[in-house]
Colleague: 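If you scroll down you'll find the structure; I have some questions about it.
Letters go in sequence order (proteins before strands), and every chain restarts at 1. This one's a predicted model, so the numbers in the text were calculated from it and none came from an experiment.
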There are 2 protein chains.
Amino acid sequence: MNSTNQGGEASASPTLETVAAVAGVSRATVSRVVNGGSRVSPEARAAVEAAIAELGYSPNRAARSLVTRRTGSVALVVSEAEARVFSDPMLAGITRAIGQALADTDLQLVLMMVPPGPGRQRLTNYLLGGHVDGVMLMSLHGDDPLVKELSDSPLPVVLMGRPMSPLPIPHVDSDSVAGARQATEHLRGLGRTRIATIAGPTDMCAGVDRLLGYREALDGPGLVAYGDFSMASGEAAMAELLRREPDLDGVFAASDLMAAGALRALRAAGKRVPEDVAVVGYDDLDVAELTEPPLTTVHQPLPAMARAMVASLLAQISGDPAPESVVLPNPLVVRASA
Amino acid sequence: MNSTNQGGEASASPTLETVAAVAGVSRATVSRVVNGGSRVSPEARAAVEAAIAELGYSPNRAARSLVTRRTGSVALVVSEAEARVFSDPMLAGITRAIGQALADTDLQLVLMMVPPGPGRQRLTNYLLGGHVDGVMLMSLHGDDPLVKELSDSPLPVVLMGRPMSPLPIPHVDSDSVAGARQATEHLRGLGRTRIATIAGPTDMCAGVDRLLGYREALDGPGLVAYGDFSMASGEAAMAELLRREPDLDGVFAASDLMAAGALRALRAAGKRVPEDVAVVGYDDLDVAELTEPPLTTVHQPLPAMARAMVASLLAQISGDPAPESVVLPNPLVVRASA
DNA sequence: CTGAAAGCGCTTACAG
DNA sequence: CTGAAAGCGCTTACAG
């Protein structure tokens, strides 16, 4: 018995006004009920709730946002370049995890890619212009000006991965140094003595830290070739390592994708994995189970990291004092490659 | 020489009002300049543009949205269940492609996952509640009520993949029947005579169409085992096929992930690929290059599909009459597995 | 071409 | 506990 909107065109959405009329109260009271306000009598509340249900009312975000100065949305910012290579599978995983972590909230997830070139400035302006309540940055390269600009602003921000330069910006990371150390120690535990590493970019903390962990475990400089986290770069790096040290018997690759590339190069060189060369990857993405043999790798706790990022943002948005950064542990997952 | 906001606290963002004052014109004129309006004198326009640049003004979306009844955002809706299995790599690819296709627009991408259970209704209400200007649906299962509800609404919607039930809803698809036929014919061209297929879910058009294409090429029912597009299901299906027909010499899998699973089962059974059994996948995702051997597969033109989806949405939003659906071709990519 | 004014739907002191 | 009223920042007829 919906007495409103009789014989109308495509019926306009009900507003607070409509609900108030149906419930027989003022707009203010409806607003209080909708926002979980306390100063409402049980009768008024019941009437309002009934009216809301009857009308299928849902508040107009724009109107609310205009007065509260909150948008109800947070941005997940990834650079387009990253999206194309290393973070593709990583991105899928973290995006999904963040989406789920956000599900309990009524924040909505806006996905933004950092375009190369002039579009960058537009993005920065946009973020700083109050169009989102907070920003999650996928670990960008160390020198990225965006990080500094955001950290200088009052906008809530959280970084996935430690910033390269020591900026006062909350971040969520997994313990890459420990993870890499663990991976390398696993290889040593297998009796391997000539262990090389395929390191990531030196301008990303994940690259730097994993190399550091490798060296800590080896207690020396080790044998290093660099990649950019992609499979192709891993394949090339492995080929190079074999040239430099034909007898190596273990490799720690700083990403699963690079490990997959290494597997391919090893196969091309006629090496058996793990018999001749044991291989350990990093991330524990789905690909780690796809390779032949499946990869022993360091597990990144994406869901927990996503929850921590969301928690940090929520704390900042609600004005809590400087939330600390969190570093989560990442255990080794042993499969067949080492 | 920024004369506004002297000695203020964290300076509030400039508004149309501020810009108007600095430029010495009315708010209406500023608004016209901002919105590219034509009825503005060159002088006024120049003054306004200078003021905008000086102040770093960027319009408040909420206020604009309140009056225009547009939100400036479109939703990409994926079901959480999908996100977990088949569409994980697919999802990453299409999400990235859509993000890029949207970059030229000033629409922003809101990512929404369909939660299982009661959260569904909330999502539906949200979408229908005018909180987004349009919706892109990743191919859901055929019977999904969300598709029908959206298609009954005036909200611009575009589906990725043909709807299972013939609903009047614009969609963008690649020609799965032709793709599957081509894949199967490729196997026949290789001289294979006992060609099985690992089909996808029968309640998804991609599953149905690819099975149809396989049967068309074979001109018969063929030998079929079903999976759910995931790697594990492909592995199980392959094992089952080998049990039913130990001498098969070709397999067409309806997804790369299932093909990767099939490769694993074949290896476990001691079969060489492609010598003993040739394998063709579908999608041409990154994983297709990761497997050993790399997969011959049917390429999905994700960027073109994304652009077509965005174009359809834009047309609908601007009120153009019923945009047609588009079906794109998907060529076979020959690698080592067949 | 330009401005004064109304109004989009909401929240929030302020009285009562 | 409740309501009248102001105001968030914008767009858009309507006059001129």
Colleague: Quantified in whole Å, what is the P atom distance between nucleotide C:dA13 and nucleotide C:dG9?
Modeller: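 The same atom, P, in both gives a distance of 23 Å.
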
Colleague: Identify which nucleotide among D:dT11, D:dC10, C:dC10 has an atom closest to any side-chain atom of B:T68, counting heavy atoms from C-beta outward.
Modeller: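 Of the candidates, D:dT11 comes closest.
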
Colleague: Has the side chain of B:D173 got a donor or acceptor atom that lies under 3.5 Å from a matching backbone atom of B:R162?
Modeller: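 Looks like yes, one N/O pair under 3.5 Å.
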
Colleague: Are A:S41 and D:dT2 close enough that a side-chain N or O sits under 4.0 Å from OP1 or OP2?
Modeller: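 Yes, within the criterion.
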
Colleague: Taking the side chain of A:R69 as its heavy atoms from C-beta onward, which of D:dC8, C:dC1, D:dG3 lies nearest to it?
Modeller: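 Among D:dC8, C:dC1, D:dG3, the one nearest the side chain of A:R69 is D:dC8.
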
Colleague: Considering every strand shown, what is the Watson-Crick or G-U wobble mate of D:dA4 when both distances are under 3.5 Å?
Modeller: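 WC or wobble partner does not exist here.
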
Colleague: Would a distance-only check, ignoring hydrogens and angles, find a side-chain to backbone donor-acceptor pair under 3.5 Å from A:D133 to A:G72?
Modeller: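 A pair under 3.5 Å: yes.
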
Colleague: Is there side-chain contact between A:M138 and A:V77, with at least one heavy-atom pair below 4.5 Å?
Modeller: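 Not touching, per the 4.5 Å side-chain cut-off.
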
Colleague: With a 3.5 angstrom cut-off on both distances, give the Watson-Crick or G-U wobble partner of D:dA13, or none if there isn't one.
Modeller: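 In the structure as shown, D:dA13 has no Watson-Crick or wobble partner.
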
Colleague: Applying the side-chain contact (heavy atoms from CB on, under 4.5 Å) test to A:V30, which of A:V40, A:T15, A:L16 qualifies?
Modeller: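 Only match with A:V30 under side-chain contact (heavy atoms from CB on, under 4.5 Å): A:L16.
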
Colleague: Compare all side-chain heavy atoms of A:N60 with those of B:R69 and state whether any distance is below 4.5 angstrom.
Modeller: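 Contact flag for A:N60/B:R69 side chains = yes.
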
Colleague: Roughly how many Å apart are D:dC1 and D:dA5, using the P atom of each and rounding to a whole number?
Modeller: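 D:dA5 and D:dC1 have their P atoms separated by 23 Å.
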
Colleague: Identify which nucleotide among D:dC10, C:dG3, D:dG3 has an atom closest to any side-chain atom of B:S26, counting heavy atoms from C-beta outward.
Modeller: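 Between D:dC10, C:dG3, D:dG3, the one nearest the side chain of B:S26 would be C:dG3.
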
Colleague: Measure from the side chain of B:L66, starting at C-beta and using heavy atoms only, and say which of D:dG7, C:dC8, D:dT11 lies closest.
Modeller: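 Side chain of B:L66 sits closest to C:dC8.
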
Colleague: May I have the distance from B:R70 (atom CZ) to D:dG9 (atom C1'), rounded to whole angstrom?
Modeller: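 Nearest whole value for this atom pair: 19 Å.
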
Colleague: Looking at the side chain of A:A28, which of C:dT12, D:dT2, C:dT11 is the nearest nucleotide?
Modeller: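 The answer is C:dT12.
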
Colleague: Taking only N and O in the side chain of B:T29, is any of them less than 4.0 Å away from OP1 or OP2 of C:dT2?
Modeller: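 False: B:T29 side-chain N/O out of range (4.0 Å or more) of C:dT2 OP1/OP2.
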
Colleague: May I have the distance from B:L16 (atom CG) to C:dG3 (atom P), rounded to whole angstrom?
Modeller: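 Value for this atom pair: 12 Å.
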
Colleague: Establish whether the base of D:dG3 is bridged to the side chain of A:R32 by a donor-acceptor pair shorter than 3.5 Å.
Modeller: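 Side chain to base: pair found, below 3.5 Å.
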
Colleague: Choosing from D:dC10, C:dC10, C:dT2, which nucleotide comes nearest the side chain of A:R27?
Modeller: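 Selected nucleotide: C:dC10.
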
Colleague: Compare the minimum distances between each of D:dT2, D:dT11, C:dT11 and the side chain of A:N35, then state the nucleotide with the smallest one.
Modeller: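 Output: C:dT11.
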
Colleague: Taking only N and O in the side chain of A:N60, is any of them less than 4.0 Å away from OP1 or OP2 of C:dC8?
Modeller: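 For C:dC8, OP1/OP2 do not have a side-chain N/O of A:N60 under 4.0 Å.
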
Colleague: At under 4.0 Å between heavy atoms, what does B:R61 touch on the DNA or RNA strands: base, sugar-phosphate, or nothing?
Modeller: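 If one applies the 4.0 Å heavy-atom cut-off, B:R61 turns out to touch nothing in the nucleic acid.
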
Colleague: Mind checking if A:A62 touches a base, just sugar-phosphate, or nothing, with heavy atoms under 4.0 Å?
Modeller: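 It contacts nothing in the nucleic acid.
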
Colleague: Picking from C:dA4, D:dT2, C:dT11, which would you name as closest to the side chain of A:R39?
Modeller: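 For A:R39, the side-chain atoms sit closest to D:dT2.
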
Colleague: Would you mind reading off the distance between A:I52 atom CD1 and C:dC10 atom P, rounded to a whole angstrom?
Modeller: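 From A:I52 CD1 to C:dC10 P: 10 Å.
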
Colleague: If we take the P atom in both D:dC14 and D:dC10, what is their distance in whole Å?
Modeller: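 Between the two P atoms, the distance is 23 Å.
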
Colleague: B:S31 side chain: which of C:dG3, D:dT11, D:dG9 is closest?
Modeller: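 Out of C:dG3, D:dT11, D:dG9, the nucleotide with an atom closest to B:S31's side chain is D:dT11.
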
Colleague: Carefully, step by step, assess B:H171 and B:S312 under the rule side chain to side chain donor-acceptor pair (under 3.5 Å).
Modeller: CA-CA 8 Å; B:H171 60 270; B:S312 169; over 6 Å; no

